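Report on one structure; see the data block that follows.
Throughout, protein chains are lettered first and strands after them, A, B, ... in sequence-line order, and every chain is numbered starting at 1. Since this is a predicted model, take the numbers as computed values, not measurements.
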Amino acid sequence: MKRTHHCAQLTAADVGRKVSLLGWVDSIRDHGGILFVDLRDREGITQLLFDPTGNPGPAEKAAALKPESVIEIEGEVVARPAETVNRNLGTGAIEVDCTALVIHNLAETPPFPIDDTLGEKVNEDLRLTYRYLDLRRPRLRRIFKLRHRATKVIRDYFDEEGFYEIETPILFKSTPEGAREYLVPSRLQPGHFYALAQSPQQFKQILMVGGMERYYQLARCFRDEDLRADRQPEFTQLDLEISFIDRDGLYALIEGLMARLWKDVLGVELALPFPRLAFKDAMNRFGSDKPDTRFGLELEDFTADFRESGFKVFRAAAESGGAVKALVAPGLADITQGELNHLTETAKSLGAKGLAFIKIEGGEWKSPIVKFFSEAEKAALSERLGLKDGDLVFFAADAWERACTILGRIRLESAALLRKRGRLEIPSGRYDFLWVVDFPLMTYDEEQGRYVASHHPFTAPVPEDVPLLDSDPKSVRGQHYDLVLNGTELGGGSIRIHQADIQKKIFEEVLKIPPEVVETRFGYLLRAFRYGCPPHGGIAFGLDRIMALLTDSASIRDVIAFPKTQKGQCLMTQSPGPVTAKQLKDVHLTPLATG
RNA sequence: GGGGUAGUAGCUCAGUCGGUUAGAGCGCCUGCCUGUCACGCAGGAGGCCGCGGGUUCGAGUCCCGUCUAUCCCGCCA
């Protein structure tokens with residue numbers, strides 16, 4: 001089998017050349033006598049000519065072809081008649097006059113069109129069932145080409161920066177502190193289980209203790225949690241860890257990586273360095289710890305203005321240490337009742353009791369609550385929000401973080417409504433990177449009645465906040481950082497604790513994990529920290545999320561070759577599936593009676 | 001676990017107020033066609049209206065349940 005060229009290669013310069021091409025039949029145009037085939041391979045399309053007068057054998061065979069069949073041809077490159085040149089095709093000036101045709105695989109009719117515009121609309125479950133057909137669409141071919149290029153750039157960059165690529169175990173032990181894990185029963189150790197690694201976190205820290213200094217990995221990770229458009233049960237992390245580095249060093253390293261990725265993959269120059277925003281400011285201004293800063297619509301704080309308000313709901317929030325936040329959607333006073341109901345439901349799903357609003361129409365404030373406002377309160381709103389006719393104002397009054405979160409969500413929804421009306425434009429090709437920093441090290445978990453690590457328990461506190469660990473844990477800031485792009489969290493990491501005594505204190509005294517549990521789960525790590533542990537830090541990125549942004553994909557399923565559905569199934573292979581009684585017996589499992 | 005959306009021909013969809021034989025475009029099959037490139041022309045086949053139950057003289061249409069996909073909340077150290 002010889003292939004002299006691929007299907008995007010031949011041009012007018014090749015006229016007269018004898019060539020051999022292999023690929024898929026993209027389309028057939030049978031004119032009764034003469035017959036054209038568009039031959040497609042990974043690289044492009046070349047038109048084949050089957051002429052019954054010149055080469056009756058191949059032409060007769062070609063009449064039996066069906067789309068998506070795999071064929072091999074030999075022929076001569078000929079110039080197309082001037083008036084039939086296809087300028088939309090790189091190879092449109094020529095065609096191959098076929099002298100031989102081998103049909104390697106005559107395809108059945110595909111269940112859906114292999115076409116970008118038509119195929120995009122086809123139900124995803126059908127496309128996933130026949131993923132190999134979906135993958136033939138140009139859009140997906142481009143995605144996986146770009147994914148390959150991106151991982152190549154990543155490997156080159158870290159190689160130049162002195163990193164080692166090191167693999168860590170996927171079969172790990174259960175560490176119930178984090179995400180729910182996939183359990184793997186051990187055959188050799190009856191009653192014991194591995195857990196599939198939810199991230200290489202602990203191993204990469206041990207690699208630092210092991211003196212590797214600079215580690216990275218494109219690591220497959222597993223989490224048995226409910227899925228979303230940006231979450232799959234198995235996904236790929238770009239994971240790295242560095243000894244002897246501080247936060248600024250890490251920011252510069254990662255900014256260099258992103259700049260290289262965007263340049264080499266998309267040809268886009270990113271402005272460096274990325275802005276940094278404290279968690280508190282991100283919440284106050286955007287109502288999110290992963291703010292989309294491509295548009296304004298920032299939140300304003302009116303807590304002080306309503307501390308003595310006649311409007312009980314606002315006063316109560318302000319008096320009890322919460323916040324009163326407001327958001328203007330310019331020109332959205334024409335919101336429909338349905339849209340407003342939807343926003344209210346959204347606010348309620350986040351714990352709001354309702355969604356207070358004011359429509360400004362014809363110089364009047366139309367709102368169920370405005371009658372409770374004093375003139376001073378109205379003046380404060382009017383002045384600080386710069387209200388104009390046609391504007392719509394939303395309010396949230398609640399505990400600070402909840403009030404921010406609610407309005408943050410309303411901000412995104414309002415932006416979507418404004419975009420739909422053509423009143424807000426977010427240019428495609430705009431990439432707003434930013435670092436979110438100064439996260440609280442702990443947050444108090446009402447359900448468990450104790451503090452839990454906001455990021456993970458290995459995050460080092462900001463040095464000047466260490467004295468507060470005992471007195472006021474919730475105001476201790478962690479040396480944690482998230483990289484956010486256009487409202488998506490690309491990744492996060494931290495400078496780690498590298499001293500056994502501080503790590504033990506965090507586990508036992510702050511997080512209140514019983515010492516014996518600390519010993520079984522993390523004993524080996526604490527032990528390692530006692531034998532010369534370098535200061536270190538790292539970060540991990542969702543490679544799938546990065547690829548989704550680089551390829552403008554709505555879901556990471558588009559950038560994963562064989563993704564799973566929201567119920568965690570692979571529709572093509574029908575996994576997960578049942579196993580035999582013997583298999584269960586081998587791993588010492590007995591099924592529970594169900595139903 | 002909860003909320004939203006969708007499910008009608010192979011695909012994408014339409015289907016009025018509950019009414020007679022459920023339609024369209026693409027695809028598929030047959031025939032014709034020697035310069036097309038979304039080739040064209042003529043003809044044809046193709047339906048458990050996701051599934052189950054209910055209301056009704058009558059259900060694709062209304063009600064209840066259920067399944068699947070998807071979006072979101074919870075969850076994701």
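- Note on A:E181: nothing from the nucleic acid sits closer than 4.0 angstrom, heavy atoms only.
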Are there any protein N/O atoms within less than 3.5 Å of an N/O atom in nucleotides 4-10 of chain B, and if so, which ones and at what distance?
| unit_1 | atom_1 | unit_2 | atom_2 | d |
| --- | --- | --- | --- | --- |
| B:G10 | O2' | A:P111 | O | 2.6 |

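- In this structure, CG of A:D125 is placed 7 Å from P of B:A69, rounded to the nearest angstrom.
- Atom-to-atom, CD of A:E120 to C1' of B:U70 comes out at 15 Å; the value is rounded to the nearest Å.
- Within the shown strands, B:G54 is the pairing partner of B:C62 under the Watson-Crick or G-U definition, both distances less than 3.5 Å.
- Base engagement by A:R231 is indicated by at least one non-hydrogen atom pair under 4.0 Å involving a base atom.
- Between the side chains of A:R29 and A:Q47, at least one donor N or O lies within less than 3.5 Å of an accepting N or O.
- Positionally, the nearest nucleotide of RNA chain B for A:G33 lies more toward the 5' end than for the other of A:L128 and A:G33.
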### Message
For nucleotides 35-43 of chain B, give me one character per nucleotide, 5' to 3': B if any protein heavy atom sits under 4.0 Å from the base, S if the only such contacts are to the sugar-phosphate, - if neither.
### Response
BBB-B----
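- Residue contacts shown for A:V452 are absent, as no nucleic acid heavy atom lies under 4.0 Å away.
- Taking atom CD1 on A:I556 and atom P on B:U70, their separation rounds to 12 Å, with Å as the unit.
- A:D438 has no carboxylate O lying under 4.0 Å from a charged side-chain N of A:K280, or vice versa, which leaves the two without a salt bridge.
- Looking at heavy-atom distances under 4.0 Å, A:T346 makes no contact with the nucleic acid at all.
- A:Q566 has its CD atom 11 Å from the P atom of B:C73, to the nearest Å.
- Counting heavy atoms of neighbouring residues, nucleotides and ligands inside a 6.0 Å radius, atom CG of A:D552 does not exceed 12 of them.
- Remark: C1' of B:C76 and CD of A:Q201 are 15 Å apart, rounded to the nearest angstrom.
- In a base pair of the Watson-Crick type (N1 to N3 plus N6-O4 or O6-N4) or a G-U wobble (N1-O2 and O6-N3), with each distance short of 3.5 Å, B:C26 is matched with B:G10.
- Distances shown here put every side-chain N or O of A:Q198 at or beyond 4.0 Å from the OP1 or OP2 atom of B:C76.
- A:D97 has its CG atom 17 Å from the P atom of B:U34, to the nearest Å.
- Distance noted for atom P between B:G19 and B:A59: 11 Å (whole Å).
- Using a 4.0 Å heavy-atom cutoff across all strands shown, A:T175 reaches no nucleic acid atom at all.
- If you check the side chains of A:Q9 and A:T46, you find no donor sitting under 3.5 Å from an acceptor.
- Comparing A:K121 and A:P457 against RNA chain B, the residue whose closest nucleotide sits nearer the 5' end is A:K121.
- Residue A:E345 contributes atom CD, which lies 16 Å from atom C1' of B:C71 at whole-angstrom precision.
- Base-pair partner of B:A45: not found among the strands shown (Watson-Crick or G-U wobble, both distances under 3.5 Å).
- Of the N and O atoms on the side chains of A:E181 and A:S174, at least one donor lies less than 3.5 Å from an acceptor on the other residue.
- Under a 4.0 Å N-O distance rule, the pair A:R223/A:E234 does not qualify as a salt bridge.
- Side-chain contact of A:S553 with A:R139: a donor-acceptor pair under 3.5 Å is present, judged by distance alone.
- Between B:U20 and B:U66, the two C1' atoms lie 32 Å apart (nearest whole Å).
- Distance check, rounded to the nearest 0.5 Å: CD1 of A:I114 to OH of A:Y132 gives 10.0 Å.
- Residues A:F507 and A:F522 bring their aromatic ring centres within 6.0 Å.
- Going from the C1' atom of B:G15 to that of B:U36 covers 37 Å, rounded to whole Å.
- Residue A:Q232 contributes atom CD, which lies 21 Å from atom P of B:C75 at whole-angstrom precision.
- Rounded to a whole angstrom, the distance from the C1' atom of B:G60 to that of B:U16 is 13 Å.
- The nucleotide B:C32 finds its pairing partner in B:G40, both defining distances of the Watson-Crick or G-U wobble pair being shorter than 3.5 Å.
- Within 4.0 Å of A:K348, counting heavy atoms only, lies no atom of the nucleic acid at all.
- Taking the P atom of each, B:G65 and B:G47 are spaced 32 Å apart, rounded to whole Å.
- Rounded to the nearest Å, the gap between the C1' atom of B:C67 and that of B:G53 is 14 Å.
- Relative ring orientation between A:F458 and A:H456 is described as tilted, the plane-to-plane angle lying within the 30° to 60° band.
- When heavy atoms are screened at a 4.0 angstrom cut-off, A:R409 is found touching the sugar-phosphate backbone but no base atom.
- Phosphate contact (OP1/OP2 of B:C71, side-chain N/O of A:R557, threshold under 4.0 Å): present.
- Rounded to whole Å, the C1' atom of B:G52 lies 23 Å from the corresponding atom of B:A9.
- Taking 4.0 Å as the cut-off between side-chain N and carboxylate O, A:R521 and A:E516 do not count as a salt-bridged pair.
- Minimum atom distance to the side chain of A:T109 is reached by B:C28, of the listed B:A69, B:C11, B:C28.
- Rounded to whole Å, the separation between the P atoms of B:C76 and B:G4 comes to 24 Å.
- Side-chain N/O atoms of A:D115 and A:T117 include a donor and acceptor closer than 3.5 Å.
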